[in-house]
Amino acid sequence: MNPITLEDIQQNETIKTYIVRADETLIALGYTEHAFAHVTKTAYEAYSLLLKLGYDERTAELARIAGYLHDIGNMVNRVDHAQSGALIAFQLLTGLGMPPQEIATIVTAIGHHDEATAAPVNPVAAALILADKCDVRRSRVRNRDVSSFDIHDRVNYSVVRSEMLFDHEKRTLTLLLEIDTEICAVMDYFEIFLSRMVLCRQAAEHLDITFKLNINGQSLL
Ligand SMILES: [Fe+2]
Ligand SMILES: [Fe+2]
């Protein structure tokens with residue numbers, strides 16, 4: 001049997017349904033976008049980071065699959081969605097016939113991606129944390145009424161440009177943000193994202209690289 005790829009996962013109608021329904025739950029709860037745009041970007045960033053770091057193609061592909069499935073647990077509840085998502089992924093991937101060694105890696109990564117209980121326990125988990133936590137951008141804000149923006153809307157909406165840059169020589173991964181400070185002060189960003197940035201630093205350490213944050217040309221981490 002051929003190894004399961006992200007393409008197989010993306011074409012799976014059951015998985016599509018669960019991702020849509022997980023995001024519908026978050027729409028109802030007033031969260032930012034967690035649908036195909038977020039999970040596809042997370043998948044791509046986790047995959048390309050591991051490849052740049054010299055990990056083998058299959059390990060990177062497991063990170064890509066983990067990235068794509070990581071928020072599926074929101075279908076159950078936002079609370080503990082990492083753990084419920086890991087169990088859903090376990091069942092889906094077992095049903096697709098993926099080898100247990102690979103399922104274990106993906107399930108562990110998904111189960112360790114949410115701030116409250118996150119930990120970079122393996123390279124795939126570390127790459128998933130970095131890719132997920134660095135997805136900050138205006139297009140994730142669904143609320144069109146600026147006057148009712150909460151701080152999450154404000155911070156995401158203020159990000160006019162966001163890029164993850166890896167420097168091979170210095171072995172640094174920099175989250176480069178351009179923020180419209182008319183919408184949100186840099187301090188607002190920190191109020192929400194400090195714990196995420198600390199987690200990114202830990203994840204980077206696990207991969208033997210340094211995490212840096214640059215906002216509007218200022219190096220902040
Ligand atoms: Fe999540
Ligand atoms: Fe996420």
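Order of appearance sets the numbers: ligands from 1, and atoms from 1 within every ligand. One is the number of the first residue; the rest follow in order along the sequence.
The tally of protein N/O/S atoms under 2.8 Å from the Fe ion (ligand 2) stands at 4.
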Walk me through whether Asp8 and Asn2 qualify under side chain to side chain contact (heavy atoms under 4.5 Å, CB included). CA-CA 11 Å; Asp8 300 321; Asn2 289 332; over 6 Å; no

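For the residue pair Asp132 and His70, a side-chain donor N or O sits within less than 3.5 Å of a side-chain acceptor on the partner. In this model, no donor atom of one side chain and acceptor atom of the other lie less than 3.5 Å apart for Thr5 and Glu61.
Taking the centre of each ring, His38 and Phe36 stay at or above the 6.0 Å mark.
With a 6.0 Å radius and a threshold of 12 heavy atoms from other residues, nucleotides or ligands, Glu7 has its CD atom above the threshold.
Between Tyr189 and Phe193, the ring planes are parallel. Angles under 30° get that label, and only those over 60° would be called perpendicular.
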